[in-house]
2 protein chains.
Amino acid sequence: MTVTLADVAARAQVSPATVSRVLNGNYPVASSTRERVLRAVDELDYVLNGPASSLAAATSDLVGILVNDIADPFFGIMAAAIQSEIGGPGGRAGGERLGVVCNTGGSPERELTYLTLLQRQRAAAVVLTGGAIEDTAHAGAVAAKLRRLTEAGTRVVLCGRPPSPEAPEAIALTFDNRGGGKQLTEHLIGLGHRRLGYIAGPEERTTTRHRLEGHRAALDAHGIEDDPRRTVHGRYDRRSGYEATLELLRRDPSLTAVVVANDTVALGACAALRDSGLRIPDDVSVAGFDDLPFSIDAVPALTTVRLPLSDAGARAGRIAMGREEPPPGGIATVRGELMVRGSTGVPRD
Amino acid sequence: MTVTLADVAARAQVSPATVSRVLNGNYPVASSTRERVLRAVDELDYVLNGPASSLAAATSDLVGILVNDIADPFFGIMAAAIQSEIGGPGGRAGGERLGVVCNTGGSPERELTYLTLLQRQRAAAVVLTGGAIEDTAHAGAVAAKLRRLTEAGTRVVLCGRPPSPEAPEAIALTFDNRGGGKQLTEHLIGLGHRRLGYIAGPEERTTTRHRLEGHRAALDAHGIEDDPRRTVHGRYDRRSGYEATLELLRRDPSLTAVVVANDTVALGACAALRDSGLRIPDDVSVAGFDDLPFSIDAVPALTTVRLPLSDAGARAGRIAMGREEPPPGGIATVRGELMVRGSTGVPRD
DNA sequence: AGCGCGACAGCAAGCGCTTTCTATCTCTTG
DNA sequence: CAAGAGATAGAAAGCGCTTGCTGTCGCGCT
């Protein structure tokens, strides 16, 4: 048998109520009593029964963090930052919460399932990270779930994800993907490039769309025609970047620059260019996005847009814990910073 | 008020017991009744109360995954694999479990706290990944916790972590770090290197120690003296690799090869060498460990030891779910595979 | 001296589910 | 055709905790 509150109470010669109060510290208890109780807890090696506690108190100490791909440092970094603000001994005592990260793998069903599971656990808060899927039905279902969660007292925070008009209660910390994409392409145009390829992420994703829109806005602003054949979609992985680059090169060998969905994909693009006998940036410039840790180690180092992943995550975590005021209007835009490095240069000839 | 089982029962005109049985599917229910219940569930948009359910059933559907650094793909990849086997809609219906990853940040206290939190939640299983901290007191405390968890019916699996003699109930899938380290150094020795630097991970970590032991075993086997000045310890990050390399070079500029704790650190080492005007592998060969996705994109591509992170994680996940037999004796060693690539070559002159 | 009040401690009523034990009812089977 | 075997459904007793409500003191006031 495991030790229960009652066992501790018996040992400390007090009522279960008192033990509960000592443990929760939300009610006056004489210090002598408290000590007696704590000693008993220690001696019996008592561990609170979470489910029972959550049931009785109608709240739990779970905080869910949804990520699209936990193996991707983009999410890993955010998740680490969020979790560090959420609990365990990282935060100060009192609100000892269990920050749990759930990997949706980018699948709509899994996203919904996790949300349900979290709702079932009566989570204290939920943080959704990264781009959303742009499917009306799915977006509606998610919004409905978020609304339900909010109603049930769960705090909902979006981190690096655009606000949902259908779930306005959710606090949103959005990345300025459009602005970042624009900066990147403008940088390239400024260097003199006119024939730019674009390797986009998966379709139907807000992140993909926004970055691409920024790119197009830049082209447009400089009167460069946007040839649709110069854009290729793919997954957010290295392999995809490799293949997309080959495809782009096949379609138009005269490209002088390639703007890529993110750094991971950009690495694949670089590999494809090298394997095609092209030098970076002499023959083709390459630009990534996110500024993940390894990007500076690419050879040449990747020009990219740095997103303050860690800061944004930490802030989202604090908001989720109710430890920081939400931004006015419930929405804040987080900007990226253009990092010009060796992978971009003036076009050949 | 949120919807309860009783509400559903009323609506479906059955008893709460029947609703529970329909939901759990562990008791015969006439299909007409089942349908009526399911319809009611749907109409009322009912979501089970997890804590109540866990309390009554004395089990929960939580599975904890402890990682040292969630921002590190090494852990991210394992966590993704474990989680994919654990639940959400990834697995087949029935065992819908919430796989939650907890980031200890390599801190002993956080590790223990998370273990307690999971114990409190009456987790169904716990998977500990990555190297353990070699501190007698802490190891003892962890072992004690694991024993308690096991006693309480929580399945405990170690993935990429050596078995603990004090907690023999835990199933262990260990990486052959020693063997991998040895292979790497032997490869270098085979190429003709005699003055090898070694950049180790943090001290007091099993992974660090084992890889280093493998390195030394190889040196020893070939009669090469192990000059302690050729070994530097550091953290598992890029920065640390950069600094350690500079230090190594300062101590002995005649080094012709550097064996590094892992790929991330190796990237930093490469950067330091480049910044020092040394070519890889012409002047100095570099070898990493783990074969993370970006390692092949380093220039030159990193020679390293590939660990089947994903496979091992998946297997650990299945074992944790009781869906696969544990290895005989509860311990299995997972070997790495030497990947020879461009970053290692014959020594100069 | 009599009261009121603050500071503690305990009682007991749930929280929403699971599950054992029982009660029916419908079929087989001898 | 009676009786035992299944197949279903319900009643009710918790699971271990939290918390509103009741005491019970001891003490400062009037």
Side-chain angles (χ1 to χ4, degrees), chain A residues 1-38 40-41 44-62 96 116-117 119-124 152-153, chain B residues 1-38 40-41 44-62 94 96 117 119-124 152-153:
Chain A
M1 232 345 254
T2 54
V3 183
T4 72
L5 235 211
D7 299 332
V8 176
R11 172 135 198 161
Q13 310 196 64
V14 296
S15 72
T18 301
V19 177
S20 169
R21 287 168 178 145
V22 168
L23 261 24
N24 290 299
N26 52 8
Y27 193 86
V29 172
S31 60
S32 64
T33 312
R34 185 200 324 286
E35 275 181 30
R36 202 141 34 86
V37 170
L38 291 179
V41 165
L44 296 178
D45 208 1
Y46 170 69
V47 174
L48 190 68
N49 181 317
S53 165
S54 299
L55 171 59
T59 65
S60 95
D61 47 7
L62 233 60
E96 199 149 279
T116 303
L117 246 27
Q119 180 184 1
R120 173 178 301 182
Q121 300 296 333
R122 306 299 188 251
Chain B
M1 231 345 253
T2 54
V3 184
T4 71
L5 233 212
D7 299 331
V8 176
R11 172 137 197 158
Q13 310 196 65
V14 296
S15 71
T18 301
V19 177
S20 169
R21 301 206 259 242
V22 167
L23 262 24
N24 291 299
N26 52 8
Y27 193 86
V29 173
S31 61
S32 64
T33 312
R34 187 201 323 285
E35 274 181 31
R36 202 142 32 85
V37 170
L38 290 179
V41 165
L44 296 178
D45 207 3
Y46 170 69
V47 174
L48 189 70
N49 182 317
S53 164
S54 300
L55 171 58
T59 64
S60 97
D61 48 7
L62 234 60
E96 199 149 276
L117 245 28
Q119 179 183 3
R120 175 178 301 183
Q121 299 297 332
R122 305 301 189 248

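Every value quoted in this text rests on a predicted model; they were computed, and no experiment measured them. Every chain is numbered from 1, with letters handed out A, B, ... down the list of sequences.
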Which part of the nucleic acid, if any, lies within contact of B/Ser54, taking any heavy atom under 4.0 Å across all strands shown: a base, the sugar-phosphate backbone alone, or nothing?
->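 If one applies the 4.0 Å heavy-atom cut-off, B/Ser54 turns out to touch nothing in the nucleic acid.
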
Have a look at A/Asn26 and say if it touches a base, only the backbone sugar-phosphate, or nothing, with a 4.0 Å heavy-atom cut-off.
->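 Here A/Asn26 touches the backbone only, sparing every base.
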
Considering non-hydrogen atoms only, spot the tightest contact between A/Leu48 and B/Arg120 and give its length.
->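 What the structure gives for the nearest pair is O-CG, 3.2 Å.
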
Would you give me the side-chain donor-acceptor pairs under 3.5 Å for residues 20-28 of chain A, sequence neighbours excluded?
{"residue": "A/Ser20", "atom": "OG", "partner": "A/Asn24", "partner atom": "ND2", "Å": "3.3"}
{"residue": "A/Asn24", "atom": "ND2", "partner": "A/Ser20", "partner atom": "O", "Å": "2.9"}

Where the side chain of A/Ala57 is defined as all heavy atoms beyond and including C-beta, which of D/dT18, D/dA9, D/dC15 is the nearest nucleotide?
->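 Out of D/dT18, D/dA9, D/dC15, the nucleotide with an atom closest to A/Ala57's side chain is D/dT18.
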
Between [N] atom [atom2] and [X] atom [atom1], what is the distance in whole Å?
X	N	atom1	atom2	answer
A/Asp61	D/dC17	CG	P	14 Å
B/Arg34	D/dA7	CZ	P	14 Å
B/Gln121	D/dG16	CD	P	15 Å
B/Leu55	D/dC15	CG	P	9 Å
A/Leu48	D/dC15	CG	C1'	14 Å
A/Arg36	C/dA9	CZ	P	8 Å
B/Gln13	D/dA9	CD	P	13 Å
A/Leu5	C/dG10	CG	P	13 Å

Check: D/dA7 base within 3.5 Å donor-acceptor of B/Tyr27 side chain |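 There is none.
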
Verify, without hydrogens or angle tests, whether B/Ser60 (side chain) and B/Ser54 (backbone) share a donor-acceptor contact under 3.5 angstrom.
->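 No, because the side chain of B/Ser60 does not come within donor-acceptor range (under 3.5 Å) of the backbone of B/Ser54.
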
Sub-4.5 Å side-chain heavy-atom contact between A/Val3 and A/Val8 =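 Touching, per the 4.5 Å side-chain cut-off.
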
Does a side-chain heavy-atom distance below 4.5 Å link B/Arg122 with A/Val47?
->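 Heavy-atom side-chain distance check passes, below 4.5 Å.
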
Output the distance between atom OG1 (A/Thr2) and atom CG (A/Asp45), rounded to the nearest 0.5 Å.
->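 It is 11.5 Å, given to the nearest 0.5 Å.
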
Between CG on residue A/Leu62 and CG on residue B/Leu117, distance to nearest 0.5 Å =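 Rounded to the nearest 0.5 Å, the CG-CG separation comes to 8.5 Å.
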
Under-4.0 Å side-chain N/O to phosphate OP1/OP2 contact, B/Thr33 with D/dA9 =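 So the side chain of B/Thr33 is within the cut-off, an N or O lying under 4.0 Å from OP1 or OP2 of D/dA9.
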
Strand contacts (DNA chain D) in residues 15-25 of chain B, 4.0 angstrom heavy-atom criterion =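 When residues 15-25 of chain B is checked for heavy atoms under 4.0 Å from DNA chain D, the hits, listed by number, are B/Ser15, B/Ala17, B/Thr18, B/Arg21.
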
